[in-house]
**Student:** 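My questions will all concern the structure given below.
As the structure is a prediction and not an experimental result, all values here were calculated from the model. The figures here come from the full heavy-atom set of this structure, side chains too, leaving out hydrogens, waters and symmetry mates. Each ligand, and each atom within it, is numbered from 1 in the order the structure gives.
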Amino acid sequence: MSMPRSLPVEPLTAEAFAPYGQVIECAGHRSLPINHATSRRFSDLAQLETDPDGRLALSIFQARARQRPYLLDTLERHPLGSQAFMPLNGQPFLIVVCAARPAPEAPETAALKAFVSHGKQGINFRRGTWHHPLLALADADFLVADRLGPGHNCEEIDIAHWQIRVDY
Ligand SMILES: NC(=O)N[C@@H](O)C(=O)O
Ligand code: NI
């Protein structure tokens, strides 16, 4: 049985994540005082996308912590809309993306990248971005904004046989 390959984790930054979508965070963004300066508004932090037949919806995922070793099992994409995750409890989570459709039998060719959010950062996957389903590092709730509507909006590839572990 082959040993799992390990995928290094890099810190989540807007620049590094730009090919895959946006990082949702206050740091580095301008804000405006609102409500008699009792709040500050950080506007337009992610580009939410849907096809004309769909609609954008807000949901909550109650995620259970993944257990080590963090073995990857699936890559998926949503061709009809974007998908955003924002931790509601400030809990860190892992984000795994792939630059293009992977060849199921050739893991070494997959352009995989792993990031870690320190918990005050969310992400928005651009429409059609290949990614691993949510990888929570602690039991946590996530606010999710994605596309609901007719049609098939989740294409999945089983990659468990790749035996790839995220090193975190
Ligand atoms: N299945 C589902 O709604 N969530 C996945 O798309 C995910 O990226 O976690
Ligand atoms: Ni998804």
**Student:** Under 3.5 Å, is there a donor-acceptor pair between the side chain of H132 and the main chain of L72?
**Tutor:**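 Between the backbone of L72 and the side chain of H132 there is no qualifying donor-acceptor contact (under 3.5 Å).
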
**Student:** Side chains of V97 and F17: closer than 4.5 Å at any heavy-atom pair?
**Tutor:**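 Side-chain contact under 4.5 Å: yes.
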
**Student:** Got an N, O or S from H78 under 2.8 Å of the Ni ion (ligand 2)?
**Tutor:**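 Yes, since at least one N, O or S atom of H78 sits under 2.8 Å from the Ni ion (ligand 2).
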
**Student:** Can you list every protein residue that has a heavy atom under 4.0 Å from any atom of ligand 1, sorted by chain and residue number?
**Tutor:**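 The answer is F61, E76, H78, Q83, F85, H131, P133, L134, counting any residue whose heavy atom sits under 4.0 Å from ligand 1.
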
**Student:** Pair E105, H161 - check side chain to side chain donor-acceptor pair (under 3.5 Å), show working.
**Tutor:** CA-CA 9 Å; E105 70 289 343; H161 59 292; over 6 Å; no

**Student:** Just checking F42: does its CZ atom have more than 12 heavy atoms from other residues, nucleotides or ligands closer to it than 6.0 angstrom?
**Tutor:**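 Atom CZ in F42 is crowded, with more than 12 foreign heavy atoms closer than 6.0 Å.
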
**Student:** Quick one: do L134 and I24 end up in the same hydrophobic cluster if we chain Ile, Leu, Val, Met, Phe, Trp and Tyr together by side-chain heavy atoms under 4.5 Å apart?
**Tutor:**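 Different hydrophobic clusters.
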
**Student:** Which of the N/O/S atoms in E76 sits closest to the Ni ion (ligand 2)?
**Tutor:**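 The atom in question is OE2.
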
**Student:** Between Y168 and Y70, does the ring centre distance come in under 6.0 Å?
**Tutor:**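 Ring centroids of Y168 and Y70 are no less than 6.0 Å from each other.
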
**Student:** Find out whether Q22 and R126 are in side-chain contact, i.e. whether some heavy atom of one side chain is under 4.5 Å from a heavy atom of the other.
**Tutor:**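 Touching, per the 4.5 Å side-chain cut-off.
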
